[in-house]
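Labels below follow one simple rule: chain letters A, B, ... track the order of the sequence lines, proteins then strands, and each chain is numbered from 1.
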Number of protein chains: 2
Amino acid sequence: MPKLVDHEKRKKQIAEATWRVILERGMEGATVRNIAKEAGLSLGALRHYFSAQDELLVYAMELVKEQAEARIKRVAAENLPPKEMMLKILLEIVPTTKETMAEMEVWFAFTAHARHKKDVFDASHDGIFTAIARLIHYLDEMKLFKKELDKDVETEKLYAIIDGLALHAMLEPSRVDRNRIIHILTSHIHSICKEEQENSGVGHL
Amino acid sequence: MPKLVDHEKRKKQIAEATWRVILERGMEGATVRNIAKEAGLSLGALRHYFSAQDELLVYAMELVKEQAEARIKRVAAENLPPKEMMLKILLEIVPTTKETMAEMEVWFAFTAHARHKKDVFDASHDGIFTAIARLIHYLDEMKLFKKELDKDVETEKLYAIIDGLALHAMLEPSRVDRNRIIHILTSHIHSICKEEQENSGVGHL
DNA sequence: AATTTTATAATACAGTTGTATTACAAAAAG
DNA sequence: CTTTTTGTAATACAACTGTATTATAAAATT
């Protein structure tokens, strides 16, 4: 297959191969040779799409971010009741499935790596803080947010809970499993919302 | 200076040099040569104290852990009022000073690295969960813990808040600064404790 | 004083790294 | 059919990696 290649598609395939390598062997194993092998390409072929390693890593990292953002936007567009929507969005961030687990692992490895390559990478701003601030704001607009609480403090707290839980789900997946995460998050959402009369028999949120 | 060397002291010095290298250049820069240079030793000299690189890394990692544990135990022994003690201990975990900031950075790099070297490293269990569980339990024993709350849930939540805040303090130090951390933690401790009559003019916790 | 032990240093070695160069074949363009 | 472009592959190279070996000198031991 020599001349007609969809460059964007190929680059995504290579990025996905990069994720797989990082998942299995960490950032240390994310060498151009290992990635090329995982993608089923030669060194020269790989270099035809990414002329430098950092370029590839930046691309692979941004793709993780875009992927997660897309998933979250999809859920946000579902038009669920506020509290259910909130839980569902948060469950797209905290890893509870193989897919999001892998995402977290790759994000973690990338972030640690990128810390000392500031000239090349951006990192730090993954947009989750903004997303959570918006969720809290939305809750407040819907008159569900407890009026005695501070929005700013609760945003920072929820942000910390989300990333803390995500970290712990990654490091201790057997203790911090999906059910436990749902339980904690449900409980927390409940704790920042006004108590309401049950008027629909749908959820047990 | 040829024959009398305190081995333990030298090993600690090398471990500290390792931390400095990791701080400045990340895990990628933590080569035996860089560490030897930072410690002011030759390759051969370094190898006289650590016969393999992994041995050195394990030692340096455990020393970080021990150092943090010692700091926390020191605070725990201070015999402060429960809520003040809690805050002070939590502030030894969440990085708010140069020292604890560096500790967090090194822990982060180590943990990401160790994930894919399970045969050599342990990681994961840093004892913070247990410490927090004990703090919550102590609060309950002192009749300060709100009876309508679930101890297990609040332990997991506080644990997530601590590590989440720690992560954010490292990644966004200007936004998540010391004052903000104190504010968030104070507010949280307050939220899980019964409301009390002020009977001492000491603190504003 | 002679010998052993200990600390350090210099050098060597095989393997891996990112990147560059070169060669070659398949398809498109003329 | 020839020429150019594009994708792939093989190979080369200098730098760096962890570890091993060897040499040397200073102190302790005898």
Leu41(B) CG to dA9(C) P, straight-line distance once rounded to whole Å = 7 Å

Would you please name every residue forming a side-chain hydrogen bond (donor to acceptor under 3.5 Å, both in side chains) with Asp177(A), sequence neighbours left out?
-> none

With the side chain of Gln53(A) defined as its heavy atoms from C-beta on, choose the nearest nucleotide among dG18(C), dT8(C), dG7(D).
-> dG18(C)

Go through the structure and list residues passing side-chain hydrogen bond (donor to acceptor under 3.5 Å, both in side chains) with Glu24(A), not counting sequence neighbours.
-> none

When the distance from CZ of Arg47(A) to C1' of dT6(D) is rounded to whole Å, what number comes out?
-> 16 Å

For Lys151(B), what residues pass the salt bridge (Lys or Arg N to Asp or Glu O under 4.0 Å) criterion, not counting sequence neighbours?
-> Asp140(B)

Is there a side-chain polar atom (N or O) of His48(A) under 4.0 Å from OP1 or OP2 of dG7(D)?
-> yes

Could you check how far NE2 of His7(B) sits from C1' of dA7(C), rounded to whole Å?
-> 8 Å

Give me the distances for all protein-to-nucleotides 10-15 of chain D N/O pairs that come in under 3.5 Å?
none

Where the side chain of Asn34(A) is concerned, which of dT19(C), dA20(D), dT17(C) is the nearest nucleotide?
-> dT17(C)

What is the distance, rounded to the nearest whole Å, between atom CE of Met27(A) and atom P of dG18(C)?
-> 11 Å

Quick note, ring-ring contact (aromatic ring centres under 6.0 Å, His included) partners involving residues 18-48 of chain A, not counting sequence neighbours, are none

Mind calculating the distance between CZ (Phe50(A)) and P (dT8(D)) to the nearest angstrom?
-> 13 Å

Starting from P on dA9(C), measure out to CG on Leu46(B) and report it in whole angstrom.
-> 11 Å

Below 4.0 Å: OP1/OP2 of dT8(C) and any side-chain N or O of Tyr49(B) = yes

Would you list the pairs meeting ring-ring contact (aromatic ring centres under 6.0 Å, His included) in which at least one residue belongs to residues 163-186 of chain B, sequence neighbours left out?
-> Tyr159(A)-His168(B)

